[in-house]
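Here is the structure we will look at.
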Amino acid sequence: MFLEFKNGVKSLLQKAVEAAGYEVADLCLETSAYADLASSVAFKLSSKYKESPQIIATKIFEKIQIPKKSYVDKADVIGPYINFYVNREFLDETIKQISAEGENYGSLPKKDERIILEHTSANPTGPLHVGRGRNPIIGDTLARILRRAGYDIETQFYVNDMGKQIAAIVWGYDNVDPNTLSKPERDKPDHDIVRYYRRATELISEDPKVDVEVNEVLAKYESGDPKTIKRFKKVVENCIEGQRQTLERVNVHYDRFVWESQFVRDGSVDEIIEKLKKTRYASLRDGALTLDLREFGLEKDFVLTRSDGITLYTTRDIAYHLWKFSNADVVINVLGEDQKLAMAQLQAALKILNIEKEPKIVFYSFVSLPEGRMSTREGIVVDLDDLLDEALERAYIEVDKRRPELPEDRKRKVAEIVGMGAVRFDTVKVAPEKMMTFRWEEALDFEKQGAPFIQYAHARACSILSKAQLGDFDPSLLKESYEVELIKKMAFFPSMIASAASDLKPNLIATYARELAETFNQFYRYIPVLRAEEDIRNARLALVNCARIVLANVLDLLGIIAPESM
RNA sequence: GGGCUCGUAGUAUAGUCUGGACAGCACAGGGGCCUCCGGAGCCUCUAACCCGGGUUCAAAUCCCGGCGGGCCCGCCA
């Protein structure tokens, strides 16, 4: 509804500007604390036409004609600003629309564009840790946003099943006595595997002979030895399964797992190397094939193959990207900031291969510990599993404190909904590029206006609705300022999704969710619903129902469960 | 050393791309609110744009130079 209002304002303002004898490309429309939309276009015109902004604003204002059929109520001028306000019909239509569309409210028209969104793609060397934990949550939230924005989207987890790290694990299972390792921290395959990974990398750095042996394992794998291939596959499958179980807990799922090795096996990596080899960027240095990318502003040579002919990760990633582009119109990757150089090299290589399109990349900064960054190899990590367990425990204490009368299984259930929601919300509310430092006290401090705040608003709405029947209603009876503010906030939802989708900024949705909950809570505090007289009561019930719908939809966008009670 | 990135109250953040009206929110601290549908709530006070230049009618926002944190600069992934 807000988009319709904005378009209405745009066209009438454009006409007014022209009628006043001015010409401008940008109408400078923005949301404002003073009005529903404000234009600062008078500033833009003042230097061009050598008149004061106030005078220009007034002249334009005098030419404004509001069409009969529109969502614009009125306009006014305050100093150099021209302000616009929504009308009654806008509010009424919003309520009707939300009531009618229900859980589809906010969904944008289907677009004829297919997106592949790659996220997480964690190394199958051990359990997921908090350091890279933002990736699945940012990625999954983005996927939900884009789906609502009307795109045909597929999420992919790229499995790095090749390479030395897997060889090290396979070597470890053959050569390390399990009795010399500490017990796995959990009965999950990823926790078992990581013990061998850590020990093997330790031994590689201590003893050059081990390094040679691990390279032999890798060579066997690369040469296509069926037995070795099978063992690699088993290790990776187990590890991914463990990671998948963890991600399931925070409501993150994937449409497809894409195995890196498939691009080696089907020959597409070789094909790419052959193509690149023939370009003027390529050269052979000590047997290694490299690309000179200075033309693309990259000083660093891009090494495509090692001198022993073995391909490197980024080279194989080119094949994956070509495959993605042949299957989608838009390719989006959620990646850690450490991948920036590799991605720049990859994009340059794609250009050399005459691929017009380039992937859109959302880079996020790592979550580090106060003492430094996390590392699976060195065992300096906070496992995501541990964080989730602690969040659950902490949430249970809160539930137990507030609702001691609830049956035990319900308390557990609510704790899970609240705990997992808090983890997701706290992760996604911060802009991806900002660095985060992990501290237990802060991670588990369920900030008042975090996920529980929004879930609570939803539960309150449900509580009211459970005590009454929805009936016919007249939305025009909703005139109190708290009611009007709530309606306006809800009307904003679809345009919020549009901008979060086009800018790939999931944190915008988190901010919106909090604002919506706050607006609802204010309404709840001051406006009685059940006690109101019948006509008003019916209208307010409809409004509460709308709030319930939008709160549920926005929580769904964040991958957070909307409880009916908590 | 070079490149990228971040720097907003005591803490943690929104806003920065696309410059405009009081820099929004929370935690912590001060003061209030249950004759009322769930107080995980509401109201209120205190408190911030790293430093220095520049562009502009207008700079948290754009440009240049510092300073500080993070990341990258492997024939690892």
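Because only heavy atoms are used, hydrogens play no part in the values below, and waters and symmetry mates are left out as well, while side chains stay in. Quick note on labels: first sequence line is chain A, next is B, and so on, each numbered from 1. Owing to the predicted nature of the structure, the values given are computational and were not obtained by experimental measurement.
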- Compare the ring of A:Phe366 with the six-membered ring in the base of B:G70 and state whether they stack (centres under 5.5 Å, planes under 30°). no
Ranking B:C22, B:C36, B:C25 by distance to the side chain of A:Arg531, first place goes to B:C36
Of the listed B:U11, B:C72, B:C25, the closest approach to the A:Arg373 side chain comes from B:C72
Closest of B:G41, B:A40, B:U18 to the A:Arg460 side chain is B:G41
Open item on the list: Regarding A:Ser205 and A:Glu202, do their side chains bring together a donor and an acceptor under 3.5 Å, going by distance alone?
Closed with: no
Of the listed B:G24, B:A40, B:C33, the closest approach to the A:Arg525 side chain comes from B:C33
Exercise. Show your reasoning for whether side-chain contact (heavy atoms from CB on, under 4.5 Å) applies to A:Phe520 and A:Leu486.
Key: CA-CA 6 Å; A:Phe520 176 76; A:Leu486 181 55; 4.0 Å; yes
Whole-Å distance, A:Gln522 CD to B:U44 C1', equals 13 Å
Whole-Å distance, A:Tyr524 OH to B:G38 P, equals 5 Å
*Tell me what A:Asn507 touches on the nucleic acid: a base, only sugar-phosphate, or nothing, going by heavy atoms under 4.0 Å.*
sugar-phosphate
Syn within 90° of 0, anti beyond: B:C34 is syn
Looking only at B:G41, B:C72, B:C37, the nucleotide nearest the A:Tyr456 side chain is B:G41
Using Watson-Crick geometry (N1-N3 plus N6-O4 or O6-N4) or G-U wobble (N1-O2, O6-N3), each under 3.5 Å, B:U11 is paired with B:A26
Classify A:Val303 by what it touches in the nucleic acid, base, sugar-phosphate, or nothing, heavy-atom distance under 4.0 Å.
sugar-phosphate
Rounded to whole Å, CD of A:Gln165 lies from P of B:G74 at a distance of 19 Å
Side-chain atoms of A:Leu341 come closest, of B:U13, B:G38, B:C72, to B:C72
**Message:** Base, sugar-phosphate or nothing for A:Met566? Non-hydrogen atoms, less than 4.0 Å.
**Reply:** base
A:Gln339 CD to B:A77 C1', in whole Å, measures 7 Å
Of B:G38, B:A40, B:C22, the nucleotide closest to the side chain of A:Val414 is B:A40
Of the candidates B:C57, B:C42, B:U13, the side chain of A:Lys434 sits closest to B:U13
note: A:Phe520, atom CZ; B:G38, atom P; distance rounded to Å ~ 11 Å
Quiz item: On the ring face of A:Phe366, is A:Arg134 found with NZ or CZ under 6.0 Å from the centre and within 45° of the axis?
Solution: no
Closest to the side chain of A:Lys340, out of B:U5, B:C75, B:C72, is B:U5
query = Would you say the side-chain atoms of A:Ser40 pair up with the backbone N or O of A:Phe43, donor to acceptor, closer than 3.5 Å?
reply = no
A:Met435 CE to B:G7 P, in whole Å, measures 11 Å
For B:C37, the nucleotide meeting Watson-Crick or G-U wobble distances (both under 3.5 Å) is none
Paired with A:Asn333, the side chain to side chain donor-acceptor pair (under 3.5 Å) test is passed by just one of A:Lys360, A:His321, A:His119, namely A:His321
Rounded to whole Å, CD of A:Glu30 lies from P of B:G24 at a distance of 15 Å
Out of B:A40, B:A21, B:G38, minimum distance to the side chain of A:Ser565 belongs to B:G38
